[in-house]
Amino acid sequence: MSHVFTDTQGRRPRKLRVSLTDRCNFRCGYCMPEQPHWAPASQLLSMAERLRVIRLFVQHAGVRSLRLTGGEPLLSPDLEPMLRALRRDDTTRGLRLSVTTNAQLLGRRAQALQSAGLDDLNVSLDAVDPGRFDAMTRTRGRLPAVLDGIDAACRVGLPVKLNAVIVRGHNEDQILPLLNWASERNLVIRFIEFMPLEGGALWRRERVCSEADMLVRIQQARGEVETLGANGPASYYRLSDGTRFGVIPTVTRPFCGQCDRMRLTATGDLYTCLFSEAGTALRPLLRSDASDAELLDRLSAAVRSKSPGYAVTGAVERPITMHGLGG
């Protein structure tokens, strides 16, 4: 049987995000409640189960890049073993392998990750002012470890991109300090419009700092901003001194029509859209005697039924929040 991996909008999955854990050492309000409930270990996919799904997506859907996420993936003991297994496997060794992290634990792991076969890192960094950082992450005193982790990754030669979610009334005053900090290290930072992903507890439209507002703020402080064009979900810009940065306008200019991403949660649910009301449960199949053909039936059906996305459907109410969905 032939399995179709194209949805009704003509999109094919090229990027797969696989969550290793729903646990995190931060409590960012746009990602999770202050008192989250973690999935029990028995519900988490094993490394072998994840690898089976990844291999099928690579072989039959043409997935080209894989991002390991959480929660915080550096809390998972499977991270380096997973990278090594992916590099050893004939089917997956050619994938671009990335990790998204908050970098608090990165300082002592950067070399091991590079040695295990990691290609690049995305680091979430919403402030460089210690007080702002503590407020955004609902932690205390962890910013130095995060900045040290970023520097450690750069020292071992891992390419790093920085991502900052900007929430009006919370950290829009960090746009310029973040841009300056990244520029001093020749790093690219991408500012992300605040999306309604955490069940509505924090999100309000008036808390969205739009791409236009960010660009005005940067231009007033740093001068002319040159448009470089889009690459994936981000629009990129350059300042007169050569500094490059990006904006991901998730709310004011959704990129749903070009979305080629899918997410596999740590508990084995496949989400074809960030705003899906529910995922497709794969764990029962993976833990039965289901054949690859049966699993492909489920994967293909999920891809074909992918919704048009936030640009059409808007936000949804659902029990899962971003730490469980996978960044």
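Heavy atoms only: backbone and side chains are in, while hydrogens, waters and symmetry mates are out.
One distance of note links OG1 of T243 with CD1 of I189; it measures 11.5 Å at 0.5 Å rounding. Rounding to the nearest 0.5 Å places CD of E49 at 4.5 Å from CZ of R287. With rounding to the nearest 0.5 angstrom, the OG1 atom of T101 is 10.0 Å from the CG atom of L118. With rounding to the nearest 0.5 angstrom, the CG atom of N25 is 12.0 Å from the CZ atom of R23. Taking CZ of R84 as the start and CE of M47 as the end, the distance is 8.5 Å to the nearest 0.5 Å. Between I248 atom CD1 and I192 atom CD1 the span is 4.5 Å, to the nearest 0.5 Å.
Residues E72 and T21 bring no donor and acceptor atom of their side chains to less than 3.5 Å of each other. A donor and an acceptor atom, one from each side chain of S183 and N180, are nowhere located under 3.5 Å apart. For S46 and R50, the side-chain atoms include no donor-acceptor pair closer than 3.5 Å. A donor-acceptor contact closer than 3.5 angstrom is absent between the side chains of S124 and N102.
The closest side-chain heavy-atom distance from M262 to V303 is below 4.5 Å. Here the side chains of T265 and L270 are not in contact, with every heavy-atom distance at 4.5 Å or above. Residues T92 and R55 form a side-chain contact, since some pair of their non-hydrogen atoms from C-beta on lies under 4.5 Å apart. Between E226 and S240, the closest side-chain pair of non-hydrogen atoms is not below 4.5 Å. By the 4.5 Å heavy-atom criterion applied to side chains, K306 and C259 are counted as neighbours. M82 has its side chain within reach of L68: a pair of non-hydrogen atoms, C-beta onward, lies under 4.5 Å apart. With contacts defined as side-chain heavy-atom distances shorter than 4.5 Å, the pair R64/K15 does not qualify. Between I54 and L95 there is a side-chain heavy-atom pair separated by less than 4.5 Å.
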Report task. Check the pair D7, R11 against salt bridge (Lys or Arg N to Asp or Glu O under 4.0 Å), reporting the backbone distance first and the verdict last. Result -> CA-CA 6 Å; D7 66 29; R11 300 167 296 187; 2.7 Å; yes
Requested in this report: Take R222 and D241, measure what salt bridge (Lys or Arg N to Asp or Glu O under 4.0 Å) needs, and give me the verdict at the end.
Outcome: CA-CA 9 Å; R222 297 287 301 268; D241 64 357; 2.7 Å; yes
**Report entry** Test side chain to side chain donor-acceptor pair (under 3.5 Å) applied to T69 and R17, step by step
**Finding:** CA-CA 7 Å; T69 69; R17 298 187 174 199; over 6 Å; no
Query raised in the report: Going through the checks in order, is the side-chain contact (heavy atoms from CB on, under 4.5 Å) test met by T267 and L45?
Result: CA-CA 6 Å; T267 55; L45 294 188; over 6 Å; no
Report task. Test F26 against R138 for side-chain contact (heavy atoms from CB on, under 4.5 Å), laying out the working first. Result -> CA-CA 7 Å; F26 288 3; R138 294 189 291 206; over 6 Å; no
**Report entry** L113/L79 under side-chain contact (heavy atoms from CB on, under 4.5 Å): CA gap, chis, key distance, verdict
**Finding:** CA-CA 8 Å; L113 291 169; L79 180 53; 3.6 Å; yes
Report task. Determine, stepwise, if the pair T6 / R304 fulfils side-chain contact (heavy atoms from CB on, under 4.5 Å). Result -> CA-CA 6 Å; T6 304; R304 294 197 309 273; over 6 Å; no
Query raised in the report: After noting the C-alpha distance and the side-chain angles of T280 and R298, does the key distance pass the side chain to side chain donor-acceptor pair (under 3.5 Å) rule?
Result: CA-CA 8 Å; T280 298; R298 185 73 58 88; over 6 Å; no
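No single ILVMFWY cluster, assembled from side-chain heavy atoms under 4.5 Å apart, contains both M214 and V251. F194 and L162 are not part of a single hydrophobic cluster, where members link through side-chain heavy atoms under 4.5 Å apart. One hydrophobic cluster, built from ILVMFWY side chains closer than 4.5 Å, holds both L179 and V128. In this structure, W38 is not a member of the same hydrophobic cluster as L20, with clusters built from ILVMFWY side-chain heavy atoms closer than 4.5 Å. The hydrophobic clustering, which links ILVMFWY residues whose side-chain heavy atoms are closer than 4.5 Å, places L295 and L66 together.
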Name each donor-acceptor pair under 3.5 Å that joins a side chain in residues 146-159 to protein atoms two or more places apart or in another chain, with its distance.
none

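With sequence neighbours left out, R132 forms a side-chain hydrogen bond (donor to acceptor under 3.5 Å, both in side chains) with D173. Applying the side-chain hydrogen bond (donor to acceptor under 3.5 Å, both in side chains) test to E206 and every residue at least two apart in sequence or in another chain returns nothing. Taking the side-chain hydrogen bond (donor to acceptor under 3.5 Å, both in side chains) definition, one finds that E80 meets it with R109, sequence neighbours left out. The side-chain hydrogen bond (donor to acceptor under 3.5 Å, both in side chains) check on R253 picks up E211, S235, with sequence neighbours excluded.
Residue L44 shares its hydrophobic cluster (ILVMFWY side chains chained together at separations under 4.5 Å) with no other residue.
R190 forms no cation-pi arrangement with F245, by the criterion of a distance under 6.0 Å to the ring centre and an angle within 45° of the ring axis.
With hydrogens and angles ignored, the 3.5 Å screen pairs no side-chain donor or acceptor of Q219 with any backbone N or O of V216. No donor-acceptor pair under 3.5 Å is formed between the side chain of S300 and the backbone N or O of D297. Judged by distance alone, the side chain of S276 and the main-chain N or O of C273 form a donor-acceptor pair under 3.5 Å. A distance-only check finds a donor-acceptor pair linking the side chain of T250 to the backbone of E193 [under 3.5 Å]. R14 places a side-chain N or O within donor-acceptor distance of the main-chain N or O of G62, the cut-off being under 3.5 Å. A donor-acceptor pair is defined here as one N or O able to donate and one able to accept, closer than 3.5 Å; no such pair exists between the side chain of R244 and the backbone of R238. D120 places no side-chain N or O within donor-acceptor distance of the main-chain N or O of V160, the cut-off being under 3.5 Å.
Note on D119 versus R87: salt bridge recorded, some NZ/NE/NH1/NH2 to OD/OE distance being below 4.0 Å. Taking the charged nitrogens against the carboxylate oxygens, D292 and R52 do have a contact shorter than 4.0 Å, which makes a salt bridge. Looking at D269 and R283, no side-chain N of the basic residue comes within less than 4.0 Å of a carboxylate O on the acidic one, giving no salt bridge.
Closest heavy-atom contact between R142 and F133: C-CE2, 4.1 Å. Considering every non-hydrogen atom in both N171 and D126, the closest pair reads ND2-O, 2.9 Å. Taking every heavy atom of both residues into account, P36 and R27 meet most closely at CD-NE, 3.7 Å.
No close placement of the Y237 and F191 rings is indicated, their centers lying 6.0 Å or farther apart.
Within a 6.0 Å sphere centred on CZ of R108, other residues, nucleotides and ligands contribute 12 heavy atoms or fewer.
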